[in-house]
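The next block holds one structure in the form of structure tokens; read it before the comments.
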2 protein chains.
Amino acid sequence: MPVSPFPDDAQRQASREAKRKAVLLAAVRMFNARGFHATSLDDVAASLGISKPTIYHYLGTKDQVLLECVTFGLHQLLEAAETARRQPGTGLARLRTFLISYARVNMEDFGRCVIRTGEEMLSPESAERFRDLKREIDAALRALIREAVADGSMVPVDERIAAFTFAGALNWPARWFDPDGPESAQATAEHMVDLLIAGCTPR
Amino acid sequence: MPVSPFPDDAQRQASREAKRKAVLLAAVRMFNARGFHATSLDDVAASLGISKPTIYHYLGTKDQVLLECVTFGLHQLLEAAETARRQPGTGLARLRTFLISYARVNMEDFGRCVIRTGEEMLSPESAERFRDLKREIDAALRALIREAVADGSMVPVDERIAAFTFAGALNWPARWFDPDGPESAQATAEHMVDLLIAGCTPR
DNA sequence: GAGATGATTTACTGGAGAGTATATTGCATT
DNA sequence: AATGCAATATACTCTCCAGTAAATCATCTC
């Protein structure tokens with residue numbers, strides 16, 4: 001099915017979205033590789049063979065670019081939480097499912113960016129939106145823990161401490177995981193999660 | 001015992017050291033509070049009522065200031081490892097002792113800075129020294145895990161994964177722990193560590 | 001074909017802040 | 001007194017880069 005060289009509105013829209021996404025991906029990869037402050041928008045533009053004002057055309061200021069990156073990553077995590085929530089099985093099994101997805105997202109481009117981005121890098125307004133989204137993830141994680149304890153599949157724990165401990169352990173791969181390392185992302189994620197919940201099974 | 005207003009060499013040396021340390025502490029606190037890139041040396045100097053060249057006099061470039069900060073924090077961690085190593089008791093008990101100290105250091109000024117500092121913030125040479133020291137900590141942690149498994153006080157685990165998991169979980173408080181929060185630093189550290197090693201006791 | 005609209009560029013401005021040259025003061029040694 | 005070193009300041013330079021103004025080119029619409 002050949003595409004007409006005269007795009008209609010939908011194609012136009014799709015092309016715009018594709019470009020937007022390409023810029024975002026180039027930016028997030030560079031931010032992860034060299035750090036946000038060590039990356040100029042000129043660098044990002046050059047890596048795509050375009051010029052800086054084009055980035056402004058599609059995404060806006062550097063602050064907005066970063067906010068888009070972390071928002072995307074945080075949406076991936078939120079989605080993982082919702083998917084796990086709908087899963088059948090015990091509360092602990094659902095928690096495990098979520099934690100594995102959580103770890104995996106943090107090994108990918110946008111998740112890594114979420115972890116490596118400190119609030120002080122964003123404008124006060126963007127930092128607030130960033131914080132709000134992170135709070136949602138935290139709430140989802142705590143809810144899954146609470147439900148696992150409630151249905152007896154998990155030993156009683158302090159919800160706050162457990163959430164921070166699990167999240168911290170599974171955030172860290174954003175800093176050290178190497179896809180060319182000894183274990184695959186999936187295997188590494190399962191391995192870590194099983195170590196974390198080993199002490200949480202009753203009896 | 002009144003001190004003569006004419007300092008001898010030792011006093012002179014001590015005063016110099018005290019000033020060096022004061023600058024370092026002011027810097028690390030500001031780096032933690034506002035981020036490294038959002039903190040200028042002029043800011044640090046102003047907070048001490050001095051001027052930027054004085055910082056250069058005592059510590060050198062901004063890169064060197066940051067390297068000193070993280071080196072100090074990493075030495076605290078290394079010391080904690082050595083102390084735990086000399087402790088009596090089972091391998092798991094020694095590991096637990098170390099992990100608690102590790103968590104506590106990461107809640108203090110210099111430890112927090114270690115966690116919040118990415119390699120891309122340092123010059124290539126400083127980043128290499130940073131990496132080397134972090135590798136030493138990792139080696140110490142793995143050794144403690146290995147010994148705990150060897151003497152049977154800890155269930156067999158993948159040393160690499162366990163080290164990353166524990167370290168990640170206990171690094172994270174650098175980002176969220178609040179000394180004015182519901183639990184003291186010590187209690188929080190113990191709480192997290194006990195959750196982490198709950199699954200590691202045999203049987 | 002005459003504008004309106006979108007995509008993209010070149011070329012600039014403005015500000016921040018790292019690092020330095022140079023001056024000043026003062027004690028310390030001879 | 002003369003010289004030298006330690007401590008500190010003022011005032012500058014130089015670079016980098018975010019953000020913008022204005023121009024160009026290409027379509028689509030009427």
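Chain letters run A, B, ... following the sequence lines, proteins first, then strands; residues in each count from 1.
- Between the side chains of A:Gln186 and A:Glu190, at least one donor-acceptor pair of N or O atoms lies under 3.5 Å.
- For the pair A:Lys62 NZ and C:dG15 C1', the interatomic distance rounds to 15 Å; values are reported in whole Å.
- In this structure, B:Glu17 atom CD and D:dA7 atom C1' are separated by 16 Å, rounded to whole Å.
- Nucleic acid contact class of B:Tyr58 (heavy atoms, under 4.0 Å, all strands): sugar-phosphate only.
- Picking from C:dT9, C:dG19, D:dT10 the nucleotide with the shortest atom distance to the side chain of B:Thr61 gives C:dG19.
- Rounded to whole Å, atom C1' of D:dC17 lies 12 Å from atom CZ of A:Phe36.
- Side-chain contact of A:Asp151 with A:Ser153: a donor-acceptor pair under 3.5 Å is present, judged by distance alone.
- In this model, the phosphate group of D:dT8 is not approached by any side-chain N or O of B:His57 to a distance below 4.0 Å at OP1 or OP2.
- For the pair B:Leu41 CG and D:dA11 P, the interatomic distance rounds to 20 Å; values are reported in whole Å.
- Atoms CG (B:Leu48) and C1' (D:dA7) sit 15 Å apart, rounded to a whole Å.
- Straight-line distance from the CG atom of B:Asp42 to the P atom of C:dT20: 14 Å, rounded to whole Å.
- The CD1-P distance, from B:Ile55 to D:dT10, rounds to 14 Å in whole Å.
- Here A:Ser40 lies in heavy-atom contact (under 4.0 Å) with sugar-phosphate atoms only.
- Salt-bridge annotation for B:Glu136 and B:Arg131: absent, with no side-chain N of the basic residue lying under 4.0 Å from a carboxylate O of the acidic one.
- Between B:Tyr56 atom OH and C:dA21 atom C1' there is a gap of 14 Å when expressed in whole angstrom units.
- If you check every strand for non-hydrogen atoms under 4.0 Å, B:Thr54 touches sugar and phosphate atoms only.
- Annotation: cation-pi geometry not satisfied between B:Lys52 and B:Tyr56 (NZ/CZ under 6.0 angstrom from ring centroid, within 45° of ring axis).
- Residue contacts shown for B:Lys52 include a base, since a base heavy atom lies under 4.0 Å away.
- The line from OG1 of A:Thr188 to CD of A:Glu183 is 4.5 Å long, rounded to the nearest 0.5 Å.
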